[in-house]
Amino acid sequence: AQSVSQHNHHVILSEAASLELGCNYSYGGTVNLFWYVQYPGQHLQLLLKYFSGDPLVKGIKGFEAEFIKSKFSFNLRKPSVQWSDTAEYFCAVTTDTGRRALTFGSGTRLQVQP
Amino acid sequence: SAVISQKPSRDICQRGTSLTIQCQVDSQVTMMFWYRQQPGQSLTLIATANQGSEATYESGFVIDKFPISRPNLTFSTLTVSNMSPEDSSIYLCSVTRGTGVTGELFFGEGSRLTVL
């Protein structure tokens, strides 16, 4: 079965700093990759997704992620974070097994200090 | 996008009781999923609810503890039976849109249960 690892559990940055959150998955076949964000007190929202094609995908709010198949990674990046980016970020994957449910990583709590 | 409504949004329950969570979607969907998010943790899939067939449960979750109904293509319920404090969690309903395996998953706002 597939699994997702997020190695950064809690990240603290100052505003305008650059962000990179790590995500690695384990599955040998075709994958679809997602990053979700959960702002305090709100429900999960999709930031971006990768299905195929250009491995560099751009999402909402200036976020982007790069799929590196050889490294089984899908790291999330943002060149300059804002205080409003404070949230929990979850990496998730579905696979070509036909099972449509997402497998989530453990999440990374991002705290941006003004 | 999909509009997903869950009831109740939160509840405080006594040990040994059962609670049913409802999930209503604004349009017909084939597959609905129930997740659990325990305090400070990620989301764990409980089961997949398909209309017209029994739910498919993930390892560690059983029908006796988490019975699920799926009477039509827009509605599902999850019951948390014989609750204990360990069941205190946010329970989320989600649906997928799109064809093949590329559908995006949408989430409701969740039902936050506290078991005393």
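Within every chain, numbering begins at 1; the chains are lettered A, B, ... in the order of the sequence lines, protein sequences first and strands thereafter. Worth saying up front: this structure is predicted, and the values here are computed from it rather than measured. Excluded from the calculations below are hydrogen atoms, water molecules and symmetry mates; all remaining heavy atoms, backbone and side chain alike, are included.
Side-chain N or O atoms of Ser42(B) include one that pairs as donor or acceptor with a backbone N or O of Gly105(A) at under 3.5 Å.
Of the inter-residue distances, the one linking His43(A) atom NE2 with Ile90(B) atom CD1 reads 12.5 Å to the nearest 0.5 angstrom. From Phe90(A), atom CZ reaches atom CD of Gln37(B) across 5.0 Å, with rounding to the nearest 0.5 Å. In this structure, the separation between CG on Leu92(B) and CG on Leu44(A) is 6.5 Å, given to the nearest 0.5 Å.
Both Phe34(A) and Phe104(A) belong to a single network of hydrophobic side chains, linked directly or stepwise wherever heavy atoms of I, L, V, M, F, W or Y lie under 4.5 Å apart. Tracing side-chain contacts under 4.5 Å through hydrophobic residues (I, L, V, M, F, W, Y), one never reaches Leu113(B) starting from Leu43(B); they form parts of separate clusters. By the criterion of side-chain heavy atoms lying less than 4.5 angstrom apart, applied directly or through intervening Ile, Leu, Val, Met, Phe, Trp or Tyr residues, Trp34(B) is not grouped with Leu73(B); the two fall into different hydrophobic clusters. Ile4(B) and Tyr91(B) fall into different hydrophobic clusters, where Ile, Leu, Val, Met, Phe, Trp and Tyr residues are linked whenever their side-chain heavy atoms come under 4.5 Å apart, directly or through other members. Cluster membership for Ile63(B) and Ile68(B), using ILVMFWY side-chain heavy atoms within less than 4.5 angstrom, is shared.
Contact annotation: the side chain of Glu109(B) never approaches that of Gln42(A) to less than 4.5 Å [non-hydrogen atoms, C-beta and beyond].
The ring-ring contact (aromatic ring centres under 6.0 Å, His included) test with Tyr36(A) singles out one residue from Tyr35(B), Phe106(B), Phe107(B), and that residue is Phe107(B).
Glu88(A) does not touch chain B: none of its heavy atoms, backbone or side chain, sits under 4.5 Å away.
Crowding of Glu54(B) atom CD: a count of heavy atoms from other residues, nucleotides or ligands under 6.0 Å not exceeding 12.
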